[in-house]
Amino acid sequence: FVTDRTHAAIIGFYLLLTTTTALLVHDLGIVIALAGAVSATIAVFIAPGACYWCLHPDEGLSRTRLLAGLLFVSGCILMPLLVVSVLASRGLIHFGEAGRT
(Lines give C-alpha, C1' and ligand atoms only; values in the text may rest on other atoms or scores of the structure.)
Protein backbone atom coordinates (compact mmCIF):
# COMPACT_ATOMS: atom_id res chain seq x y z
CA PHE A 1 0.00 0.00 0.00
CA VAL A 2 1.02 3.60 -0.44
CA THR A 3 2.65 5.35 2.49
CA ASP A 4 2.06 8.99 3.26
CA ARG A 5 5.57 9.87 2.06
CA THR A 6 5.06 8.05 -1.25
CA HIS A 7 1.66 9.67 -1.70
CA ALA A 8 3.13 13.12 -1.09
CA ALA A 9 5.96 12.45 -3.57
CA ILE A 10 3.51 11.35 -6.28
CA ILE A 11 1.31 14.41 -5.78
CA GLY A 12 4.35 16.70 -5.70
CA PHE A 13 5.67 15.22 -8.94
CA TYR A 14 2.25 15.59 -10.59
CA LEU A 15 1.97 19.23 -9.49
CA LEU A 16 5.49 19.97 -10.72
CA LEU A 17 4.80 18.33 -14.07
CA THR A 18 1.48 20.11 -14.65
CA THR A 19 2.79 23.48 -13.50
CA THR A 20 5.86 23.19 -15.74
CA THR A 21 3.66 22.27 -18.69
CA ALA A 22 1.35 25.22 -18.05
CA LEU A 23 4.28 27.65 -17.82
CA LEU A 24 6.18 26.40 -20.88
CA VAL A 25 3.32 25.85 -23.31
CA HIS A 26 1.67 28.99 -24.66
CA ASP A 27 -1.23 27.16 -26.28
CA LEU A 28 -2.73 24.39 -24.16
CA GLY A 29 -4.83 23.36 -27.16
CA ILE A 30 -1.94 21.21 -28.40
CA VAL A 31 -1.70 19.50 -25.03
CA ILE A 32 -5.41 18.74 -25.11
CA ALA A 33 -5.21 17.56 -28.73
CA LEU A 34 -2.29 15.24 -27.98
CA ALA A 35 -3.97 13.90 -24.85
CA GLY A 36 -7.13 13.26 -26.85
CA ALA A 37 -5.27 11.53 -29.69
CA VAL A 38 -3.39 9.25 -27.32
CA SER A 39 -6.15 8.49 -24.80
CA ALA A 40 -8.87 7.95 -27.41
CA THR A 41 -6.68 5.54 -29.35
CA ILE A 42 -5.89 3.60 -26.21
CA ALA A 43 -9.52 3.53 -25.06
CA VAL A 44 -11.04 2.60 -28.42
CA PHE A 45 -8.44 0.41 -30.11
CA ILE A 46 -5.53 -0.75 -27.97
CA ALA A 47 -7.09 -1.60 -24.59
CA PRO A 48 -10.13 -3.56 -25.87
CA GLY A 49 -8.05 -5.55 -28.33
CA ALA A 50 -5.35 -6.33 -25.79
CA CYS A 51 -7.88 -7.22 -23.09
CA TYR A 52 -9.80 -9.62 -25.30
CA TRP A 53 -6.59 -11.20 -26.60
CA CYS A 54 -5.24 -11.75 -23.08
CA LEU A 55 -8.52 -12.83 -21.48
CA HIS A 56 -9.30 -15.51 -24.07
CA PRO A 57 -6.07 -17.44 -24.66
CA ASP A 58 -7.96 -20.75 -24.79
CA GLU A 59 -9.62 -19.75 -28.07
CA GLY A 60 -6.39 -20.14 -30.02
CA LEU A 61 -6.50 -18.20 -33.27
CA SER A 62 -10.27 -17.90 -33.54
CA ARG A 63 -11.85 -15.29 -35.78
CA THR A 64 -12.86 -13.11 -32.83
CA ARG A 65 -9.41 -13.28 -31.25
CA LEU A 66 -7.75 -12.42 -34.55
CA LEU A 67 -10.06 -9.41 -34.89
CA ALA A 68 -9.06 -8.34 -31.38
CA GLY A 69 -5.41 -8.62 -32.39
CA LEU A 70 -6.11 -6.61 -35.53
CA LEU A 71 -7.83 -3.96 -33.41
CA PHE A 72 -4.77 -3.77 -31.15
CA VAL A 73 -2.31 -3.53 -34.05
CA SER A 74 -4.50 -0.91 -35.77
CA GLY A 75 -4.37 1.20 -32.63
CA CYS A 76 -0.60 0.86 -32.40
CA ILE A 77 -0.33 2.10 -35.99
CA LEU A 78 -2.98 4.79 -35.64
CA MET A 79 -1.66 6.44 -32.47
CA PRO A 80 1.67 7.67 -33.89
CA LEU A 81 -0.13 8.83 -37.05
CA LEU A 82 -2.57 10.87 -34.97
CA VAL A 83 0.23 12.38 -32.88
CA VAL A 84 2.13 13.36 -36.04
CA SER A 85 -1.10 14.76 -37.52
CA VAL A 86 -1.69 16.93 -34.45
CA LEU A 87 1.89 18.19 -34.45
CA ALA A 88 1.80 18.88 -38.21
CA SER A 89 -1.51 20.72 -37.96
CA ARG A 90 0.03 23.02 -35.35
CA GLY A 91 3.07 23.66 -37.55
CA LEU A 92 5.47 21.96 -35.15
CA ILE A 93 6.76 19.47 -37.73
CA HIS A 94 7.08 19.85 -41.47
CA PHE A 95 7.28 17.30 -44.25
CA GLY A 96 9.15 17.73 -47.50
CA GLU A 97 10.83 20.95 -46.43
CA ALA A 98 14.41 19.64 -46.31
CA GLY A 99 16.80 21.24 -48.78
CA ARG A 100 14.49 24.10 -49.79
CA THR A 101 15.82 27.61 -49.64
Side-chain angles (χ1 to χ4, degrees):
F1 295 88
V2 178
T3 64
D4 288 329
R5 180 170 271 171
T6 304
H7 190 250
I10 291 170
I11 290 176
F13 175 73
Y14 179 74
L15 286 174
L16 179 68
L17 183 68
T18 56
T19 302
T20 303
T21 302
L23 292 174
L24 294 178
V25 177
H26 298 290
D27 180 16
L28 287 179
I30 189 163
V31 175
I32 293 169
L34 287 171
V38 171
S39 63
T41 307
I42 290 172
V44 174
F45 291 98
I46 296 174
C51 287
Y52 191 89
W53 184 271
C54 292
L55 291 174
H56 298 278
D58 55 332
E59 291 183 14
L61 293 178
S62 69
R63 180 174 159 242
T64 309
R65 195 159 184 246
L66 286 175
L67 287 173
L70 179 65
L71 192 66
F72 173 79
V73 170
S74 298
C76 291
I77 293 170
L78 190 60
M79 186 188 307
L81 292 176
L82 289 173
V83 169
V84 168
S85 174
V86 167
L87 295 176
S89 71
R90 302 290 178 152
L92 297 174
I93 57 175
H94 305 282
F95 298 102
E97 301 288 329
R100 291 188 183 179
T101 57

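Keep in mind the model is a prediction, meaning the values are calculated, not measured.
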| If you look only at pairs with a residue in residues 34-68, which of them pass as a ring pair (Phe, Tyr, Trp, His ring centres under 6.0 Å), with sequence neighbours excluded? | Y52-H56
| request: Sequence neighbours left out, what pairs pass ring pair (Phe, Tyr, Trp, His ring centres under 6.0 Å) with at least one residue falling in residues 9-36? | output: none
| request: Tell me who clusters with I11, hydrophobic residues only, linked when side chains sit under 4.5 Å apart either directly or through other members. | output: L15
| request: Enter the distance from S74:OG to M79:CE here, rounded to the nearest 0.5 Å. | output: 12.5 Å
| field | hydrophobic_cluster_shared for I93 and V38, side chain cutoff 4.5 Å | value | yes
| remark: Distance col, row L82:CG vs L78:CG, nearest 0.5 angstrom, shows 4.0 Å
| task | Would you kindly confirm whether L23 and L16 end up in one hydrophobic cluster when ILVMFWY residues are joined by side chain heavy atoms under 4.5 Å apart? | result | no
| Cluster question for you: counting only ILVMFWY and a side-chain heavy-atom cut-off of under 4.5 Å, with indirect links fine, are L92 and V84 together? | yes
| task | Considering non-hydrogen atoms only, spot the tightest contact between P48 and L71 and give its length. | result | CB-CD2, 4.2 Å
| message | Is there a path of hydrophobic side-chain contacts, each under 4.5 Å between heavy atoms, that joins I42 and V31? | response | yes
| message | Restricting to non-hydrogen atoms, name the atom on D27 and the atom on V25 that form the minimum distance, rounded to 0.1 Å. | response | O-CG1, 3.1 Å
| task | Please report the C-alpha distance between L87 and L34 in whole Å, then the side-chain angles of each, then the deciding distance to 0.1 Å, and finally whether the side-chain contact (heavy atoms from CB on, under 4.5 Å) criterion is met. | result | CA-CA 8 Å; L87 295 176; L34 287 171; 4.2 Å; yes
| field | Closest non-hydrogen atom pair, R65 against G60 | value | NH1-O, 2.9 Å
| field | Same apolar cluster: L67 and L55, side chain cutoff 4.5 Å | value | no
| request: Check whether any side-chain N or O of S85 sits under 3.5 Å from a backbone N or O of L81 as a donor-acceptor pair, and report yes or no. | output: no
| remark: Distance col, row R63:CZ vs L70:CG, nearest 0.5 angstrom, shows 12.0 Å
